[in-house]
Participant: 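Please find one structure pasted underneath; my questions will follow.
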Amino acid sequence: MQQPPPYACAPPGPGGPPPPAAMVSKVDLTISCEGLKDLDVFSKSDPICVVYSLEGNRRREIGRTERISDSLNPKFQKQITVDYRFEEVQKLGFYVFDIDDGNNDINKADFLGKCDCNLGQIVSAGNFKQPLSHDGRNFGSIAIQAQEQGGIQKSIKMTLRGVKLDKKDFFGKSDPFLEFHRQLLDGSYALAHRTEVIKNTLNPKWKPMKINTRRLCDNNPDTVIKVQCHDWDSDGTHDLIGEFYTTLAEFEQIRPGKTFEVENPKKKGKRGYRNSGEIVVEQISVEREYTFLEYIQGGCLLNFVVGIDFTGSNGDPRDPSSLHYLGGSSPNQYTQAITAVGNVIQDYDSDQMYPAFGFGARLPPTWQVSHQFSLNGNPQDPNCQGIPGILGAYHQCINSVQLYGPTNASPIIGNVAKMAREALHQQQAKDYYILLLITDGILTDMDQTIHMIIEASELPMSIIIIGVGNADFDDMERLDGDDEVLSIGTRKAKRDIVQFVPFRDFKNVPPQKLASAVLEELPDQLASYYNALRFSPIHETHP
């Protein structure tokens with residue numbers, strides 16, 4: 001029997017399964033052009049569009065459309081499929097040629113024009129349209145539409161329990177957990193979901209679970225799904241209790257009370273063997289679930305907000321050892337963090353206006369400490385134009401304030417939470433807020449910050465915290481709820497909205513790695529938030 005892939009981290013234990021890995025979406029690009037230059041004497045041009053991935057100074061061809069004869073306004077039928085990763089800046093080049101060679105040899109073709117852009121710009125625009133340029137002049141235009149593959153996505157919500165499972169432990173009963181595997185094209189199986197472990201019982205009841213159908217079966221109703229029940233062992237040598245097979249089509253027809261017999265392949269066929277227990281469906285529902293791209297293409301905007309630590313522990317900005325020093329041969333860590341994250345998010349905000357704040361400095365002329373001030377010096381309008389505008393305001397601000405303290409982040413988080421609460425009142429998936437908080441040390445107001453994050457977990461917002469410098473950030477890891485739900489006293493966060501990373505872990509790698517690390521969870525945070533509220537995209541791209 002085909003074995004499942006190895007565990008991505010430690011084997012599951014009583015604390016529950018590891019989180020699933022991020023998935024890459026495949027996107028189909030449909031291309032058309034208008035007003036192309038006519039280079040043929042006795043007829044019109046015969047255009048073809050070649051799509052490249054632009055990586056530094058290198059071009060790598062992804063695909064090309066068909067050639068259309070005698071057309072200055074071609075609508076290409078062949079789509080170009082690309083892998084979409086939100087957390088990366090994916091630069092693409094669309095090069096249009098006039099092909100007269102029957103072999104579609106672009107080396108012998110006339111160049112009509114090109115458009116360089118980011119994939120994020122295309123998917124967020126709906127219908128992306130830009131001029132085609134050649135030698136500094138525009139010759140016609142290109143339009144690109146993006147459609148996510150995979151069809152309509154759903155989620156299965158269900159509660160399962162086991163009945164009279166086989167006893168596997170010598171001194172106890174069994175410690176059962178379930179694994180759901182999807183069948184691949186080659187007949188092998190890949191792990192899609194794993195439950196928590198229920199200790200020392202032959203009649204377990206697992207917590208209510210939610211499984212995304214794209215992950216479970218790529219939304220194919222007929223893909224075989226193998227469900228295995230294992231007995232957990234601390235050394236990772238989990239014993240198979242038994243298994244059963246089903247499909248999404250069957251799940252959609254199941255009603256509460258449905259029973260699956262669990263069979264062990266090694267015992268099946270033996271005399272007197274019936275089964276190794278049963279799995280009973282106590283509750284089940286299959287619901288429409290929208291993807292991150294469906295929300296973005298449906299009109300949801302990502303609103304980027306920046307908060308910068310201006311406390312004295314950063315060091316005198318005039319000193320080259322300061323974290324705010326601006327005179328070095330390379331940008332300081334604050335500048336690098338803002339640029340890396342901002343370059344990704346800017347493709348999803350149409351007006352490119354970003355509120356930017358500082359905290360922990362004394363401000364002129366009264367030199368009173370402020371825990372939230374506008375970087376651009378305008379308290380009524382803290383917006384900066386684009387990422388260059390944020391950096392310009394930051395560079396100007398660092399020379400006009402006095403670094404002081406303490407390191408209080410809760411006021412800025414509370415301010416962004418107020419913006420997000422106003423967005424929630426719209427009762428639409430329209431505005432989602434992303435706060436980038438950059439700090440050089442442990443927060444002085446940690447308890448207040450935790451309370452504010454717990455409050456914000458009910459709102460359309462996520463928080464990225466990047467720790468710069470060499471401080472001990474162990475306490476900051478508590479804010480990142482990957483391992484356990486953030487809580488204080490009796491209050492618990494509704495969901496994990498914080499991603500924390502120390503900048504020093506990314507000092508010697510390309511800045512894209514930092515952006516990927518802090519942004520990879522954001523698409524699921526946004527989609528799961530709006531799906532939980534049953535908010536559909538403002539403009540649906542699927543029926």
Side-chain angles (χ1 to χ4, degrees), residues 86-89 120 302-311 313-315 317 320-349 352 354-361 372-376 382 384 386-398 401 403 407 409 412-413 416 433-443 449 461-473 476-477 479-480 497-522:
F86 163 77
E87 67 273 13
E88 298 179 11
V89 177
L302 301 186
N303 297 276
F304 187 43
V305 185
V306 175
I308 298 178
D309 182 343
F310 282 85
T311 57
S313 54
N314 283 278
S321 65
S322 170
L323 292 168
H324 281 305
Y325 184 64
L326 300 176
S329 57
S330 60
N332 66 31
Q333 294 182 17
Y334 284 92
T335 299
Q336 292 181 60
I338 294 169
T339 303
V341 178
N343 280 347
V344 174
I345 296 178
Q346 66 181 350
D347 290 339
Y348 303 86
D349 189 336
Q352 304 276 296
Y354 308 123
F357 302 96
F359 60 94
Q372 179 181 274
F373 55 90
S374 302
L375 290 189
N376 63 9
C384 301
I387 305 306
I390 296 176
L391 296 177
Y394 161 57
H395 292 171
Q396 184 174 1
C397 186
I398 200 67
V401 303
L403 274 60
T407 310
I412 289 180
I413 296 174
V416 179
Y433 285 83
I434 301 166
L435 170 60
L436 171 62
L437 201 63
I438 314 173
T439 179
D440 81 317
I442 302 302
L443 303 179
T449 296
M461 66 178 286
S462 294
I463 302 171
I464 297 165
I465 304 177
I466 297 178
V468 296
N470 297 314
D472 181 355
F473 291 114
M476 298 291 280
E477 298 283 359
L479 303 178
D480 192 328
I497 65 169
V498 176
Q499 183 73 8
F500 170 77
V501 299
F503 185 92
R504 58 175 174 256
D505 291 351
F506 301 88
K507 286 183 66 174
N508 299 315
V509 298
Q512 302 93 299
K513 298 291 186 182
L514 172 64
S516 294
V518 297
L519 292 173
E520 64 181 356
E521 295 181 6
L522 194 142

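The structure displayed is predicted, hence computed values, not measured ones. Positions are given from 1, in the same order as the sequence printed here.
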Participant: Counting only heavy atoms not in E477, do more than 12 sit closer than 6.0 Å to its CD atom?
Facilitator: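 Yes, the 6.0 Å shell around CD holds more than 12 heavy atoms from other groups.
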Participant: Roughly how far apart are L522 CG and I497 CD1, rounded to 0.5 Å?
Facilitator: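 L522 atom CG to I497 atom CD1 measures 10.5 Å (nearest 0.5 Å).
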Participant: Are any non-hydrogen side-chain atoms of D440 and V468 less than 4.5 angstrom apart?
Facilitator: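 With C-beta onward as the side chain, the pair touches.
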Participant: Who are the ring pair (Phe, Tyr, Trp, His ring centres under 6.0 Å) partners of Y354, not counting sequence neighbours?
Facilitator: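 Ring pair (Phe, Tyr, Trp, His ring centres under 6.0 Å) check on Y354 returns F304.
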Participant: Do D480 and Q499 pass the side chain to side chain contact (heavy atoms under 4.5 Å, CB included) test, and can you show the C-alpha distance, the side-chain angles, and the key distance before you say yes or no?
Facilitator: CA-CA 5 Å; D480 192 328; Q499 183 73 8; 3.5 Å; yes
Participant: Quick one: pull up CD1 in I465 and CG in L435 and give me the separation to the nearest 0.5 Å.
Facilitator: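 The distance works out to 8.0 Å.
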Participant: For Y348, what residues pass the side-chain hydrogen bond (donor to acceptor under 3.5 Å, both in side chains) criterion, not counting sequence neighbours?
Facilitator: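 Applying side-chain hydrogen bond (donor to acceptor under 3.5 Å, both in side chains) to Y348 gives Y84.
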Participant: What is the distance from atom NZ of K513 to atom CD of E88, rounded to the nearest 0.5 Å?
Facilitator: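 Nearest 0.5 Å value for the NZ-CD distance: 7.5 Å.
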Participant: List for me each residue that meets side-chain hydrogen bond (donor to acceptor under 3.5 Å, both in side chains) alongside S322, sequence neighbours excluded, and say none if there are none.
Facilitator: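 In terms of side-chain hydrogen bond (donor to acceptor under 3.5 Å, both in side chains), with neighbours along the sequence ignored, S322 is linked to no residue.
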Participant: What residues, two or more places apart in sequence or in another chain, satisfy side-chain contact (heavy atoms from CB on, under 4.5 Å) together with T407?
Facilitator: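 Testing T407 for side-chain contact (heavy atoms from CB on, under 4.5 Å), a comparison that skips the adjacent residues, returns D309, T311, F359, T439, L443, T444.
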Participant: How close do A361 and F310 get, heavy atom to heavy atom, and via which atoms?
Facilitator: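 It is CB-CB, 3.7 Å.
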Participant: Can you name the residues that form a side-chain hydrogen bond (donor to acceptor under 3.5 Å, both in side chains) with S321, not counting sequence neighbours?
Facilitator: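 Applying side-chain hydrogen bond (donor to acceptor under 3.5 Å, both in side chains) to S321 gives D319.
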Participant: Search all heavy atoms of A356 against all heavy atoms of I390 and return the closest pair with its distance.
Facilitator: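 Shortest heavy-atom separation between A356 and I390 comes out as CB-CG2, 4.2 Å.
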Participant: Could you report the tightest heavy-atom contact between I413 and M461, atom names first, then the distance?
Facilitator: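 Scanning both residues completely, I find the closest heavy atoms to be O-CE, 4.4 Å.
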Participant: Looking at every heavy atom in both A340 and L514, which two are closest together, and how far apart are they?
Facilitator: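 Shortest heavy-atom separation between A340 and L514 comes out as CB-CD2, 4.3 Å.
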Participant: Test of understanding: with side-chain contact (heavy atoms from CB on, under 4.5 Å), list the residues that count as partners of T335, not counting sequence neighbours.
Facilitator: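 P331, N332, T339, L391, Y394, H395.
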Participant: How about I442 and M476: do any of their side-chain heavy atoms sit closer than 4.5 Å?
Facilitator: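 Touching, per the 4.5 Å side-chain cut-off.
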Participant: Are I338 and I308 side-chain neighbours, meaning at least one heavy-atom pair lies under 4.5 Å?
Facilitator: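 They are in side-chain contact.
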Participant: With rounding to the nearest 0.5 Å, note down the distance linking CD in Q352 to CG in D347.
Facilitator: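 Interatomic distance, Q352 CD to D347 CG, rounded to 0.5 Å: 7.5 Å.
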Participant: Side chains of V305 and I412: closer than 4.5 Å at any heavy-atom pair?
Facilitator: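 Not touching, per the 4.5 Å side-chain cut-off.
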Participant: List, one per line, each side-chain donor-acceptor pair under 3.5 Å for residues 500-512, sequence neighbours excluded.
Facilitator:
unit_1	atom_1	unit_2	atom_2	d
R504	NH1	G469	O	3.3
R504	NH1	A471	O	2.9
R504	NH2	A471	O	3.2

Participant: Could you measure the distance from the CD1 atom of I387 to the CD atom of Q346? Nearest 0.5 Å is fine.
Facilitator: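 Answer for the CD1-CD pair, I387 versus Q346, is 5.0 Å.
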Participant: What pair of heavy atoms forms the shortest contact from G315 to L403, and how long is it?
Facilitator: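 Of all heavy-atom pairs spanning G315 and L403, the closest is O-CD2, 3.4 Å.
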Participant: Side chains of I466 and V341, heavy atoms from C-beta outward: is any pair under 4.5 Å?
Facilitator: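 Side chain of I466 against side chain of V341, heavy atoms only: contact under 4.5 Å found.
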Participant: How would you list, by chain and number, every residue that makes a side-chain hydrogen bond (donor to acceptor under 3.5 Å, both in side chains) with S462, sequence neighbours excluded?
Facilitator: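 With neighbours one apart ignored, the set is Y432, Q525.
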Participant: For A393, check side-chain contact (heavy atoms from CB on, under 4.5 Å) against everything at least two apart and list the hits.
Facilitator: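 So A393 forms a side-chain contact (heavy atoms from CB on, under 4.5 Å) with L375, N376, C384.
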